[in-house]
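Take a look at the structure below.
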Amino acid sequence: MSNQTTHQKIALVTGANKGIGRAAAEQLAAMGMMVLIGARDPQRGEEAAAALRAAGTDAHAITLDVTDQVSVRAAAKQIEASFGYLDILINNAGITGSGQVSPADATDQIPSTVDLDMVRAVFETNVFGVITVTNAMLPLLRRSPAPRIVNVSSHAASLTLTSDPDGPFTALLPSAAYNPSKSALSALTVQYANELRKDGVLVNAVAPGYVDTDSNNHTGHLTPAQGAAVLVRLATVGADGPTAGFFSEDGPLPW
């Protein structure tokens with residue numbers, strides 16, 4: 001047998017103990033991959049992994065706090081020692097900064113009155129955390145025959161959509177934390193893609209849509225499984241797939 005036919009794909013999903021991340025992990029596991037459930041809380045991570053194993057799939061919990069470099073480095077060492085490589089990294093862990101509220105009620109995000117500490121906390125997770133995890137996992141991804149990185153963003157990251165006075169975001173509150181953090185993530189995605197293109201690492205950003213999760217106080221109209229579909233699609237594209245792109249389930253999105 002060739003290495004290609006015997007190679008079991010391994011995917012790490014951060015923030016995978018619930019919501020979109022867990023749904024993506026479930027879908028990847030159902031495809032026969034080994035899925036690593038990245039979670040800050042070891043107990044919640046293990047509970048999620050155990051549930052996937054009970055369903056007959058291969059899942060393991062990895063304790064990982066994207067804002068803690070020591071935690072991230074330890075996770076990378078654990079993955080290397082246990083498995084030796086990584087094929088897929090889905091940077092899903094993220095926060096809104098406003099807690100469990102509907103976006104319509106996130107008045108603390110309004111630019112002229114925003115608390116800078118909140119903005120810093122959001123960027124620490126949504127931007128700097130992605131850099132921390134990606135850089136720690138890159139040596140493992142480089143050992144894959146088809147490495148893929150997916151950064152979970154939002155339609156709200158699109159400057160084109162959010163700047164349109166007649167567009168779909170007109171009625172939403174302005175945001176100085178969450179939306180700009182996801183716009184920064186778009187820029188970061190392109191720069192990683194440009195650097196890693198020559199190595200065959202495909203890097204894309206995705207917008208799951210308005211999904212029913214804790215982060216929006218369950219006001220979303222899509223299920224986590226529906227939102228996760230685009231994550232999984234970009235995580236499993238072939239060698240001729242896109243890189244440096246921004247996609248929803250319906251196709252490319254404007255920057």
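Note: hydrogens, waters and symmetry copies are ignored here, and every other heavy atom, side chains too, is used.
At least one donor-acceptor pair under 3.5 Å links the side chain of Ser158 to the backbone N or O of Pro254. At least one donor-acceptor pair under 3.5 Å links the side chain of Asp115 to the backbone N or O of Asp117. A donor-acceptor contact shorter than 3.5 Å links the side chain of Ser71 to the backbone of Asp65. The backbone N or O of Leu52 sits less than 3.5 Å from a side-chain atom of Thr57, completing a donor-acceptor pair. Not a single donor-acceptor pair under 3.5 Å links the side chain of Thr63 to the backbone N or O of Arg40.
Between Arg143 and Glu80, at least one side-chain nitrogen of the basic residue sits less than 4.0 Å from a carboxylate oxygen of the acidic one, meeting the salt-bridge criterion. Electrostatic pairing of Arg53 and Glu46 counts as a salt bridge here, judged by a charged N lying under 4.0 Å from a carboxylate O.
For the 3.5 Å distance criterion, the side chains of Gln191 and Glu195 fail to qualify, holding no donor opposite an acceptor.
Considering all non-hydrogen atoms of both residues, Pro242 and Leu234 come closest at CG-CD1, 4.0 Å.
Between Lys182 and Asn126, some side-chain heavy-atom pair lies under the 4.5 Å cut-off.
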With side chain to side chain contact (heavy atoms under 4.5 Å, CB included) as the criterion, how do Gln8 and Asp58 come out once you've worked through the C-alpha distance, each side chain's angles and the decisive distance to 0.1 Å?
CA-CA 11 Å; Gln8 183 186 20; Asp58 194 357; 3.6 Å; yes
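Evaluated for a side-chain contact (heavy atoms from CB on, under 4.5 Å) with Val72, the options Thr134, Thr14, Thr132 yield exactly one hit, Thr132.
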